[in-house]
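All ligand and atom numbering here is 1-based and tracks the order in the structure.
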Amino acid sequence: MSNNVYDIVIIGGGPAALSAAVYTGRAELKTVIFEKKVTGGQILTSTLVDNYPGFPDGISGAELTELMEKHAKKFGAEIKYEEVLGLKVEGDTKIVTTDSGMYNSPIIILASGADPRKLGVPGEDEFVGRGVSYCGTCDGPFYKDKDVVVVGGGDSAITEGLFITKFAKAVHIVHRRAELTAAKIFQDEARSNPRVRFVWNSVIEEISGRDMVEGVTIKNLLNNERKDLPCQGVFIFVGNIPNTGFLGNLLCVDQGCHIETDENMETAIKGIYAVGDIRKNSYRQLVTAAGEGAIAAMAAERELTKLHAQK
Ligand SMILES: Cc1cc2nc3c(=O)[nH]c(=O)nc-3n(C[C@H](O)[C@H](O)[C@H](O)COP(=O)(O)OP(=O)(O)OC[C@H]3O[C@@H](n4cnc5c(N)ncnc54)[C@H](O)[C@@H]3O)c2cc1C
């Protein structure tokens with residue numbers, strides 16, 4: 001097999017990719033992961049992951065990444081630090097173009113993840129992991145009896161906000177409009193929850209504190225009045241941007257689309273799988289990303305066996 005031909009090409013080096021590579025490597029398939037920055041993806045900056053099975057005392061994102069990477073490499077997966085710029089399909093072959101070369105493979109696993117959309121206000125970047133979060137399921141339990149602000153009005157904001165009410169004293173939902181876009185069932189649940197308070201027609205202008213978040217400045221868009229709201233947590237749910245730009249219009253009608261798959265994680269194109277946060281209806285959790293990576297890897301192995309039998 002030539003140097004640039006692989007059984008499996010995995011795009012992205014986050015948890016979904018590393019999990020897939022453990023399975024494909026262990027099945028003795030020649031596997032390469034392309035990662036444009038460093039392995040680990042979104043979890044790398046998290047100081048405490050408290051919901052990944054096997055780590056009852058929690059583990060930092062950096063340590064978990066190191067273990068996952070070691071595991072994938074142990075079974076022979078190669079990691080190349082190259083950015084994928086394009087993907088083309090020619091019959092059964094997929095051609096991947098990176099910033100350093102071209103590679104062929106019958107199987108592609110798309111695991112390039114997504115990035116939470118940011119508010120872009122002062123204090124947001126400074127306090128990530130110190131009060132600012134983009135995941136209620138991950139970080140909600142750290143806010144027992146605290147005041148928390150949730151930004152957004154869609155399904156994610158409301159369902160994650162409701163989850164946080166199990167722990168927080170109060171959840172203030174700050175929304176730029178006077179009505180929510182979340183499904184009615186979630187809206188009804190939020191309106192009848194005594195721990196939920198709505199701050200309508202308003203945006204966050206600044207997140208402030210010393211070592212940790214201590215409050216936010218809120219601006220009312222109708223009268224431009226500003227007020228300070230003391231809080232210890234700010235959860236931001238204003239969208240999620242999948243890393244699909246390199247696909248052009250392959251599988252995507254626009255640049256912001258999440259990829260649809262079947263239950264084997266296979267996309268509309270035979271031999272191309274999508275796993276983790278890039279996937280439509282993803283639960284955006286480490287354990288689901290890792291699980292989907294494993295499913296795609298096993299389905300891909302079966303597909304490769306079929307392809308080899310046809311030759
Ligand atoms: C701050 C934070 C804390 C979190 N805490 C938790 C937690 O405690 N528990 C939990 O279960 N979940 C947590 N999550 C969610 C979890 O991190 C994600 O669900 C998970 O990382 C998704 O994995 P993924 O592999 O699909 O994608 P990602 O983690 O997004 O990884 C994708 C990788 O692909 C690379 N990439 C993108 N485009 C290209 C390209 N063109 N070429 C090459 N490489 C590319 C990126 O650089 C990145 O490394 C947290 C998320 C954040 C942001």
Side-chain angles (χ1 to χ4, degrees), residues 9-22 32-55 58-65 68-69 72 79-87 96-101 103 108-118 124-125 127-142 156 160 163 233-237 240-248 255 258-259 261 265 273-296:
V9 165
I10 303 176
I11 302 176
L18 293 168
S19 165
V22 167
V32 64
I33 287 177
F34 290 114
E35 167 54 54
K36 69 174 176 183
K37 292 191 245 163
V38 285
T39 43
Q42 295 169 62
I43 203 58
L44 201 57
T45 55
S46 170
T47 46
L48 183 64
V49 176
D50 215 15
N51 61 354
Y52 197 77
F55 298 96
I59 183 167
S60 75
E63 272 178 283
L64 187 60
T65 298
M68 285 184 170
E69 183 177 331
I79 300 179
K80 287 183 184 282
Y81 292 95
E82 298 177 25
E83 178 170 3
V84 172
L85 303 175
L87 175 62
V96 173
T97 307
T98 73
D99 51 12
S100 306
Y103 303 83
I108 303 288
I109 300 181
L110 303 170
S112 47
D115 296 313
R117 197 184 295 279
K118 298 199 166 182
E124 181 176 14
D125 287 343
F127 288 110
V128 167
R130 294 188 294 132
V132 170
S133 171
Y134 302 89
C135 179
T137 314
C138 313
D139 297 332
F142 299 131
S156 295
E160 295 274 76
F163 178 76
V234 181
F235 286 77
I236 300 165
F237 304 104
N240 190 266
I241 310 162
N243 295 316
T244 49
F246 63 90
L247 289 171
Q255 295 236 329
H258 288 84
I259 311 283
T261 69
M265 307 298 135
Y273 299 80
V275 294
D277 281 19
I278 194 178
R279 209 169 72 81
K280 191 167 180 188
N281 298 328
S282 156
Y283 276 98
R284 294 191 212 133
Q285 294 292 291
L286 286 170
V287 72
T288 52
E292 290 173 10
I295 293 170

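The shortest side-chain heavy-atom distance between Arg279 and Ile259 does not fall under the 4.5 Å cut-off. Side-chain contact check for Phe55 versus Val49: every heavy-atom pair is 4.5 Å or farther apart. Within the 4.5 Å cutoff, the side chain of Val287 has no heavy atoms near those of the Asn51 side chain. Side-chain atoms of Val38 and Thr65, non-hydrogen and from C-beta on, never get closer than 4.5 Å to each other. With contacts defined as side-chain heavy-atom distances shorter than 4.5 Å, the pair Val234/Tyr134 does not qualify.
Within the 4.0 Å heavy-atom criterion, the part of Ala114 lying near ligand 1 is the backbone and not the side chain. At a heavy-atom distance under 4.0 Å, only side-chain atoms of Asn51, from C-beta outward, approach ligand 1. Looking at Asn243 against ligand 1, only its side chain comes within 4.0 Å, counting heavy atoms. For Phe34, every heavy-atom contact with ligand 1 shorter than 4.0 Å involves the backbone, none the side chain.
For the side-chain contact (heavy atoms from CB on, under 4.5 Å) test, residues two or more places apart in sequence or in another chain that qualify with Thr98 are Phe34, Glu82, Val84, Val96, Ser100, Tyr103. Listed by chain and residue number, Glu69 satisfy the side chain to side chain donor-acceptor pair (under 3.5 Å) test with Thr39 (two or more places apart in sequence, or in another chain).
In this structure, Lys36 does not pair ionically with Asp99, as no charged nitrogen and carboxylate oxygen lie closer than 4.0 Å.
Rounded to the nearest 0.5 Å, atoms CG (Leu48) and CD1 (Ile59) are 9.5 Å apart. Atoms CD1 and CE, from Ile43 and Met68 in turn, are 9.0 Å apart once rounded to the nearest 0.5 Å. Interatomic distance, OG of Ser282 versus CD of Glu292, reported as 5.5 Å (0.5 Å rounding).
The closest heavy-atom contact to atom 12 (N) of ligand 1, among the options Cys138, Ser19, Cys135, comes from Cys138. Looking at Ser46, Gly13, Gly41, Pro15 and measuring to atom 21 (O) of ligand 1, the nearest heavy atom belongs to Pro15. Of the candidates Glu35, Glu292, Met68, the one placing a heavy atom closest to atom 47 (O) of ligand 1 is Glu35. Summarising the contacts of atom 25 (O) of ligand 1 with Ala20, Gly12, Ala16, the nearest heavy atom is found in Ala16.
Those atoms of ligand 1 that come under 4.0 Å of a heavy atom in Glu82, given as number and element, are 43 (C). In summary, the atoms of ligand 1 found under 4.0 Å from a heavy atom of Ala289, numbered by their order in the structure, are 23 (O). Which parts of ligand 1 touch Gly14 is read off a 4.0 Å heavy-atom cut-off, strictly below it: atoms 25 (O), 31 (O), 33 (C). Interface of Gly276 with ligand 1, defined as ligand atoms under 4.0 Å from a residue heavy atom, comprises 26 (O). Atoms of ligand 1 lying under 4.0 Å from any heavy atom of Arg284, numbered from 1 in the order shown and given with element: 15 (C), 19 (O).
Closest to atom 29 (O) of ligand 1, if we only count protein heavy atoms, is Gln42 N, 3.0 Å. Nearest protein neighbour of atom 1 (C) of ligand 1, counting heavy atoms only, is Thr45 OG1, 4.2 Å. Closest to atom 45 (C) of ligand 1 among all protein heavy atoms lies Lys36 CG, 3.7 Å. Closest to atom 27 (O) of ligand 1 among all protein heavy atoms lies Gly113 CA, 3.3 Å. Among all non-hydrogen protein atoms, the one lying nearest atom 5 (N) of ligand 1 is Ile43 CD1, 3.3 Å. Closest to atom 41 (N) of ligand 1, if we only count protein heavy atoms, is Val84 O, 3.1 Å. The closest protein non-hydrogen atom to atom 38 (N) of ligand 1 is Ser112 CB, 3.5 Å.
Residue-ligand proximity: Tyr134 is placed with every non-hydrogen atom at 4.0 Å or more from ligand 1.
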Note to self: Before you tell me yes or no, could you show the steps for Ile10 and Val32 under side-chain contact (heavy atoms from CB on, under 4.5 Å), namely the whole-Å CA-CA distance, both residues' side-chain angles and the distance that decides it to 0.1 Å?
What the structure shows: CA-CA 6 Å; Ile10 303 176; Val32 64; over 6 Å; no

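Backbone and side-chain nitrogen or oxygen atoms of Asp277 are examined, and one is located within less than 3.5 angstrom of a nitrogen or oxygen of ligand 1. An N or O contact shorter than 3.5 Å is missing between Asp50 and ligand 1 by distance. In terms of polar-atom proximity, Ile11 is not counted as a contact of ligand 1, lacking any N or O under 3.5 Å from an N or O of the ligand. Considering both main-chain and side-chain atoms, Gln285 comes within under 3.5 Å of ligand 1 through a nitrogen or oxygen pair. Close N/O approach between Leu286 and ligand 1 is found [any backbone or side-chain N/O within under 3.5 Å].
Side-chain N or O atoms of Ser112 include one that pairs as donor or acceptor with a backbone N or O of Asn243 at under 3.5 Å. A donor-acceptor contact shorter than 3.5 Å links the side chain of Ser19 to the backbone of Ala290. Using a distance-only test at 3.5 Å, with no hydrogens or angles considered, no donor-acceptor pair links the side chain of Asp139 to the main chain of Ser133.
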